[in-house]
Protein chains: 2
Amino acid sequence: MTRREAILDAATRLFSEKGFKDTSIAELATTTGVAEGTIFYHFKSKEDLLLQILEGIKVDILREFDRYIEARPAKRGLDQVQDALLFYLYLAGQMDSQFLLLQSHYLYRLADTNGECRTHLEAIFNCLVDIFEQAVLLGRSDGSIADVPARKAALLLFTMVDGLVRFKNYGLYDASALVAELIASSVRMLQQQEKEGRSRS
Amino acid sequence: MTRREAILDAATRLFSEKGFKDTSIAELATTTGVAEGTIFYHFKSKEDLLLQILEGIKVDILREFDRYIEARPAKRGLDQVQDALLFYLYLAGQMDSQFLLLQSHYLYRLADTNGECRTHLEAIFNCLVDIFEQAVLLGRSDGSIADVPARKAALLLFTMVDGLVRFKNYGLYDASALVAELIASSVRMLQQQEKEGRSRS
DNA sequence: ATTCCAACTGAGTACTCACTCGGCATTTTC
DNA sequence: GAAAATGCCGAGTGAGTACTCAGTTGGAAT
């Protein structure tokens, strides 16, 4: 691992755990085992470092979801929704520091003034919502999912997995105990309901 | 409004908009129109100020929800879930700075070391989840809601409204356009499904 | 062997921060 | 009306900050 990568790595962990403002360059330097000057040799400022971390997260997430989409088996849309939910949670577990960092307010405030930041965040957000939307759209066409607005349903699915990750991070509730109910609820929320006597027009 | 209240007010707004660390006492002083010393006359430290804000939020939220519970009309549980969702969103709109502050990571990190902070956050969290849980429990007993685990269902409802508030704050998606779908999805998620041929033991 | 250069160092710099403290003004108490 | 108390002020303090820069290192190129 190059020194630059080591800095990015340690910074991701520290920024996500302690916050951007609460992590000093001095602390990052000692954690990484380099001199302060080395950090500024590789990154032109602390904010630049954050942006490069964010770009790395974007690349990682887009790659992982591309892989997932390539490899996913042919299933009904409703089943793909379940898979997508589980994959999201799996990935959030694997990349926990990165996902935690994505939930920091600082990034979204920065996005107001920094176009690059905003671009990355939107790309990540769209990628995360898209896999749900794709699955919902598929489910609507194969009949496993009711006639719900796909994007909106996808956003609501996102709020739930995102909330679960948050519960885990904040220790407010044992998130793993919620996974099964999340899946079951999502299915009830989306599935085609077989009802008779609905003929009109 | 006393000076102390004015400080609490301005601090709530600044902390939620710019973040705790990114708001200096000097800025808070000029915003409020008092001297820096005045702030430390009323609050023994910046962290103490934050905790007093949090306590105020707790008191406000618990009072509002108590009022809501007192005044809510007799309805089926499923309908009360819808009312509760709408009331949550209404309150988050009314108390937007306070709700925004509640989403800051800083508070949850502070809660790890500060018992008072943790107590307040848990009280707020439980209060917010409880109204959903109560409605779900009622719905299960009046037959309008299926036999779902009440607490878990309530937590999932919470993730959705909380996510909507987040969308609004971050400007990622027009949250108001999601409200109708949120209600509809929640109903589908919870409602008793009339299915025949389900006799077993 | 010499030159060159990218990678790295860490003491130094200018600045911001939360917080203090001695004093001032007004109100309350006796 | 003296004394005490309360509310308030803002320059000052020391710790901590992001960032700079002159200088060192080690390896590759000539």
Side-chain angles (χ1 to χ4, degrees), chain A residues 1-56 101 104-114 116-117, chain B residues 1-56 101 104-114 116-117:
Chain A
M1 192 195 289
T2 68
R3 250 155 142 113
R4 189 175 177 280
E5 289 166 341
I7 295 168
L8 283 168
D9 224 55
T12 304
R13 218 159 5 94
L14 288 173
F15 288 171
S16 64
E17 280 169 13
K18 313 193 18 164
F20 181 69
K21 285 279 169 179
D22 283 294
T23 303
S24 69
I25 297 292
E27 186 180 2
L28 176 58
T30 46
T31 301
T32 320
V34 301
E36 287 191 44
T38 309
I39 292 170
F40 290 100
Y41 174 75
H42 289 289
F43 308 95
K44 73 176 204 290
S45 69
K46 196 183 175 189
E47 188 175 304
D48 177 51
L49 170 57
L50 179 64
L51 287 172
Q52 303 231 25
I53 290 173
L54 182 60
E55 187 177 356
L101 190 59
S104 100
H105 276 217
Y106 190 83
L107 276 179
Y108 295 89
R109 263 181 272 123
L110 184 60
D112 288 338
T113 56
N114 185 304
E116 193 188 338
C117 181
Chain B
M1 192 196 291
T2 68
R3 249 153 145 117
R4 189 175 176 283
E5 288 166 341
I7 294 168
L8 282 168
D9 225 54
T12 305
R13 220 161 0 98
L14 288 173
F15 288 171
S16 65
E17 282 168 12
K18 314 194 14 162
F20 181 69
K21 285 279 168 179
D22 283 292
T23 303
S24 69
I25 297 292
E27 184 180 3
L28 176 58
T30 46
T31 301
T32 320
V34 301
E36 288 191 45
T38 309
I39 293 171
F40 289 99
Y41 174 76
H42 289 289
F43 308 95
K44 74 176 203 290
S45 69
K46 196 183 175 189
E47 186 175 305
D48 177 52
L49 171 56
L50 179 64
L51 287 172
Q52 302 230 26
I53 289 173
L54 182 60
E55 186 176 357
L101 190 60
S104 99
H105 275 217
Y106 190 83
L107 277 178
Y108 296 88
R109 276 194 303 267
L110 184 60
D112 288 340
T113 57
N114 185 304
E116 194 187 338
C117 181

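Values below: all heavy atoms of this structure, side chains included; hydrogens, waters and symmetry mates excluded. Each chain gets a letter, A, B and so on, in the order its sequence line appears, and its residues count up from 1.
Remark: A:Phe43 pairs with no residue by the ring-ring contact (aromatic ring centres under 6.0 Å, His included) rule, at least two apart or across chains. A:Phe15 pairs by the ring-ring contact (aromatic ring centres under 6.0 Å, His included) definition with A:Phe20, not counting sequence neighbours. For the ring-ring contact (aromatic ring centres under 6.0 Å, His included) test, no residue two or more places apart in sequence or in another chain qualifies with B:Tyr41. With sequence neighbours excluded, the residues satisfying side chain to side chain donor-acceptor pair (under 3.5 Å) with A:Arg4 are A:Gln52. A:Arg109 is linked by a side chain to side chain donor-acceptor pair (under 3.5 Å) to nothing, counting only residues two or more places apart in sequence or in another chain.
Against DNA chain D, the stretch residues 5-12 of chain A makes no heavy-atom approach under 4.0 Å.
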Heavy-atom contacts, protein to nucleotides 8-21 of chain C, under 4.0 Å, summarised as B (base), S (sugar-phosphate only) or - (none) per nt, yield BBB------SSBB-

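Residues in residues 36-49 of chain B take part in no salt bridge (Lys or Arg N to Asp or Glu O under 4.0 Å) pair, two or more places apart or across chains. Listed by first then second residue, pairs satisfying side chain to side chain donor-acceptor pair (under 3.5 Å) with a partner in residues 15-27 of chain B read A:Lys21-B:Asp22, A:Asp22-B:Lys21, B:Lys18-B:Glu27, not counting sequence neighbours.
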